[in-house]
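Residue numbers start from 1 in every chain, and the chains themselves are labelled A, B, ... in the order their sequence lines are given, proteins ahead of strands. The basis for the numbers below is simple: all heavy atoms, side chains too, and nothing from hydrogens, waters or symmetry mates.
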4 protein chains.
Amino acid sequence: MIHRRRPDPNRRSARAQTAILKATRELIGEIGYDKMSIEGIAAAAGVGKQTIYRWWPSKAALVLDMWSPEVQQQLTFPNTGDLAADLKTQIISVIDLSNDPAFGPSFRALVAEAQHDEALASQLVERIFGPRIAAAKERLRAGQTEGQLAADIDLDLAIDLFYGGFYHRYLLRVAPLTHEHAEAVVDAVLAGIGGVPLTPPKRRRLVRARPAT
Amino acid sequence: MIHRRRPDPNRRSARAQTAILKATRELIGEIGYDKMSIEGIAAAAGVGKQTIYRWWPSKAALVLDMWSPEVQQQLTFPNTGDLAADLKTQIISVIDLSNDPAFGPSFRALVAEAQHDEALASQLVERIFGPRIAAAKERLRAGQTEGQLAADIDLDLAIDLFYGGFYHRYLLRVAPLTHEHAEAVVDAVLAGIGGVPLTPPKRRRLVRARPAT
Amino acid sequence: MIHRRRPDPNRRSARAQTAILKATRELIGEIGYDKMSIEGIAAAAGVGKQTIYRWWPSKAALVLDMWSPEVQQQLTFPNTGDLAADLKTQIISVIDLSNDPAFGPSFRALVAEAQHDEALASQLVERIFGPRIAAAKERLRAGQTEGQLAADIDLDLAIDLFYGGFYHRYLLRVAPLTHEHAEAVVDAVLAGIGGVPLTPPKRRRLVRARPAT
Amino acid sequence: MIHRRRPDPNRRSARAQTAILKATRELIGEIGYDKMSIEGIAAAAGVGKQTIYRWWPSKAALVLDMWSPEVQQQLTFPNTGDLAADLKTQIISVIDLSNDPAFGPSFRALVAEAQHDEALASQLVERIFGPRIAAAKERLRAGQTEGQLAADIDLDLAIDLFYGGFYHRYLLRVAPLTHEHAEAVVDAVLAGIGGVPLTPPKRRRLVRARPAT
DNA sequence: ATTTAACCGAGACGGTACGTCTAGTCTTGAT
DNA sequence: ATCAAGACTAGACGTACCGTCTCGGTTAAAT
């Protein structure tokens, strides 16, 4: 297997890079991720195709790069002291971003592409999902010490529960994404949905049986 | 908008149809969904390309058709009287199917394609997700009357909670899918993962009667 | 080699035959011979493709059949006693027919097709060119007995000379086809174009040396 | 009307061009013009289809290009001082070329295609027929000054007469093409084939001085 | 200050697959 | 048995992009 020689980042043309990202952003808005071709981006940016291939391994990687700033700044997790409220705030902002016509559809396309592009999949986890999950876990951990979250719960599982509903609806399109849904999810996950509260105010006590395996 | 004339299903060649589905199944196993082309399917099936285009609008639609039997027979939802156990059983069987190398990767590809193919997306909801969700809801409803599930919970939300974790890991690949995970999800969703509040907001006591398994 | 069973002409549907020829005539006028397909003719005639294939071996054969009446009635060669005048009259009528937008281009297409369709080529010679050449030869023979044409000239050669100029221009498009050209050809062929008539009225005597071989 | 952007001839790959022409020559010999496809040429030449489409508008144009050298070198018209002999020599060489199984049938196909391809028709006139006619006219003009051809004859007409017979037989296949036919045509055209008139219209005497061969 | 090595725009190249078109054959049901 | 209808196998069409490659022209560092 021959490895392509790595280009020298110091000599990279800022003009070309900017033009490529700009053209990508515009094209993705006009014709969408799937109809957009590297050929088209190069033409729109007034750039040789090779210049794109030199710096990005695929169309998806380019789009991922294009969004890094947007996603990065969404990273900070609020901490007002009220875990439920903070989770709701955060998930709602994710919903809003996913409903943004400039971001939602093309990020969806990125997730789609990652289903058959292993490199992209790890990039996504590494650069997008990983950091966000880490930030969320940190907030959850704080919640645990404050007693707002079961102390012995596995945080990865907690993430699944709080965010799984979102991805279920975002990627499968089985139901719409609303602020109310986000709030209902957080409440339900925290309170649990088992049992029949015959007399509403009286709630059950959490009895978790599994000791650490 | 010109609509292509519809072919007459009565005159459809059973031989061709069978050969196409068979070739699709084989090819998808050998080279995978993405490297498989309609051209290749036609050649492998000994069929004219037009015959494929006549009956299926896209490669994805063909693959969806190919799987309908498999998914259909997975539809029945167990009811042993123990809701938690039944949910675990069902989700575990979904996990097993998704981990089946013949099914998992190509179904993932289908979900991916649905991100930019509206027609496919609705087909998926209509033929795959819809019926399964309906079956699950029916079971949940039974659980509600038996007092194993909160009577006032929105069942679409319940579905999000029980299955969201699965899709989160299946599509985003942020963590592995195991039987243990399925069980932990069900338990956590039913019990809730909120902590013991230091301050008033009184919490419920867990009243769950595990019947003998 | 399997020979296709011959259909029974007695059971042939007159309606279908008429509709096919009519549709052919109309289509050839609208979109031209080359863009016209058997598929299209069948659709326009409200006839099954098989019905066309059953009775005609090719699109060209069908078009040839369609024109047979037109060409047939052009067959009679005038005989006013003046050979030169009759030839001019005849060639001019051929030129006019070839300049008829309904006939000229599609007959050209037929001749074109005959360049790679041996069966059509012989049909053309047999049904179109042969009879016309025979009629022309008959008239030339009469001219010979009347002393208006060299008695020992090979009539096939004579046909080449009188009509060759026409086909040269008709098929190669090297120069336009006019009535004047037809007249000039006939005059030149009869008188010959060798030598320099310094004093116009005085013309040379024909001395033909080749005795019958 | 959108005009396709023109490719840069300076960057044309000599290797590809050569391979394409070579493959065309071989294929046309093996399976003939009509069964030869651009797809097949590309495959045989080890070349992308686009590379053919980039430089040639049609299969016919490609074949025309392929033959240009052959036809070009046939261009010189002999001038031995004896017009009749030179015409015979020239026409015979044309007949021989047309009877060459490598050239004759496929050039016929080219002429056929030109009947419905205006661009090809003008290319043929411009690159093949035009130059040859010009060369012939030049020779004829020389003949006129030497008194071997009627001074007042229109040279386009003369071309029609000398070559029309050839094309009549070449394209209509009404009679075979032989050297004898070529010689008979030249003799007859120069001498004329009109009979000895019984009544006045005085006729010329043949005055032709054959120089020693 | 000049060399030299990389990047750059441009686009030709070998390929693959697309979705359409037509050829000519085969099948079905109606007349 | 013919007919209308149209599904079938086959395969070429011309287009769109892929990712690689070559070509001059232009920087920017290294001599």
Side-chain angles (χ1 to χ4, degrees), chain A residues 4-5 7-13 15-17 19 35-40 42-43 45-55 57-59, chain B residues 4-5 7-13 15-17 19 35-40 42-43 45-55 57-59, chain C residues 4-5 7-13 15-16 19 35-40 42-43 45-55 57-59, chain D residues 4-5 7-13 15-17 19 35-43 45-55 57-59:
Chain A
R4 165 175 293 281
R5 201 178 36 67
D8 179 353
N10 296 326
R11 312 199 46 178
R12 184 169 191 176
S13 156
R15 183 185 55 71
Q17 187 176 6
K35 293 193 176 176
M36 178 177 72
S37 63
I38 294 211
E39 199 128 338
V47 138
K49 286 202 292 176
Q50 196 59 247
T51 303
I52 298 182
Y53 283 112
R54 186 158 22 235
W55 301 108
S58 67
K59 182 173 68 163
Chain B
R4 167 176 292 284
R5 205 178 36 65
D8 179 352
N10 296 325
R11 311 198 41 187
R12 185 167 191 177
S13 157
R15 183 185 55 70
Q17 186 175 6
K35 293 194 175 175
M36 178 178 70
S37 64
I38 293 208
E39 197 129 338
V47 138
K49 286 203 287 176
Q50 196 59 248
T51 302
I52 298 182
Y53 284 112
R54 185 159 23 235
W55 302 107
S58 67
K59 184 171 68 163
Chain C
R4 164 179 293 282
R5 199 176 39 65
D8 179 353
N10 295 326
R11 313 200 46 178
R12 184 169 191 176
S13 155
R15 183 184 57 68
K35 294 193 175 175
M36 179 178 70
S37 64
I38 294 213
E39 199 127 340
V47 138
K49 287 204 292 178
Q50 196 57 248
T51 304
I52 298 182
Y53 283 112
R54 188 161 20 237
W55 302 108
S58 67
K59 182 172 70 163
Chain D
R4 167 177 293 283
R5 207 177 36 65
D8 179 352
N10 296 326
R11 310 196 43 186
R12 185 168 191 176
S13 157
R15 183 183 56 69
Q17 187 176 6
K35 293 193 175 174
M36 179 178 70
S37 65
I38 293 206
E39 197 129 337
I41 296 170
V47 139
K49 285 203 288 178
Q50 197 60 246
T51 303
I52 298 182
Y53 284 112
R54 185 159 23 236
W55 300 108
S58 66
K59 184 173 67 163

Between [options], which nucleotide has the shortest distance from any of its atoms to the side chain of [X]?
{"X": "B:Trp55", "options": "F:dC18, F:dC8, F:dT15", "answer": "F:dC8"}
{"X": "B:Pro7", "options": "F:dA7, E:dC8, E:dC18", "answer": "F:dA7"}
{"X": "B:Ala16", "options": "F:dT9, E:dT22, E:dC13", "answer": "F:dT9"}
{"X": "A:Gln50", "options": "F:dC13, E:dG24, F:dT20", "answer": "F:dT20"}

On a heavy-atom basis, which atom in [X] and which in [Y] lie closest, and how many Å separate them?
{"X": "C:Ser58", "Y": "C:Ile38", "value": "C-CD1, 4.4 Å"}
{"X": "D:Ser13", "Y": "D:Ala16", "value": "OG-N, 3.0 Å"}
{"X": "D:Ala45", "Y": "D:Ala19", "value": "CB-O, 3.5 Å"}

Whole-Å distance separating the [atom1] atom of [X] from the [atom2] atom of [N]:
{"X": "A:Arg11", "N": "E:dG9", "atom1": "CZ", "atom2": "C1'", "answer": "16 Å"}
{"X": "A:Ile38", "N": "E:dG9", "atom1": "CD1", "atom2": "P", "answer": "14 Å"}
{"X": "D:Lys59", "N": "F:dA12", "atom1": "NZ", "atom2": "C1'", "answer": "10 Å"}
{"X": "D:Asp8", "N": "E:dA10", "atom1": "CG", "atom2": "P", "answer": "13 Å"}
{"X": "B:Lys49", "N": "F:dA12", "atom1": "NZ", "atom2": "P", "answer": "11 Å"}
{"X": "A:Asn10", "N": "E:dC7", "atom1": "CG", "atom2": "C1'", "answer": "12 Å"}
{"X": "B:Ile52", "N": "F:dA10", "atom1": "CD1", "atom2": "C1'", "answer": "13 Å"}
{"X": "A:Tyr53", "N": "E:dG11", "atom1": "OH", "atom2": "C1'", "answer": "13 Å"}

Within the pair C:Arg54 and F:dC3, is there a side-chain N or O less than 4.0 Å away from OP1 or OP2? yes
Heavy-atom nearest nucleotide on DNA chain E for A:Ala42 versus C:Lys35: which residue maps closer to 5'? A:Ala42
In terms of the nearest nucleotide of DNA chain E, which residue is placed more toward the 5' end: D:Arg15 or A:Thr51? A:Thr51
Starting at the 5' end of DNA chain F and moving along, which residue's nearest nucleotide shows up first, B:Ala45 or C:Ser13? C:Ser13
Both A:Ser58 and B:Glu39 contact DNA chain F. Which one's nearest nucleotide lies toward the 5' end? B:Glu39
Under 4.0 Å, heavy atoms only, any strand: does D:Gly46 hit a base, just the sugar-phosphate, or nothing? sugar-phosphate
Are D:Trp55 and D:Gln17 side-chain neighbours, meaning at least one heavy-atom pair lies under 4.5 Å? no
State, yes or no, whether a side-chain contact exists between B:Asp8 and B:Arg11 at a heavy-atom distance under 4.5 Å. yes
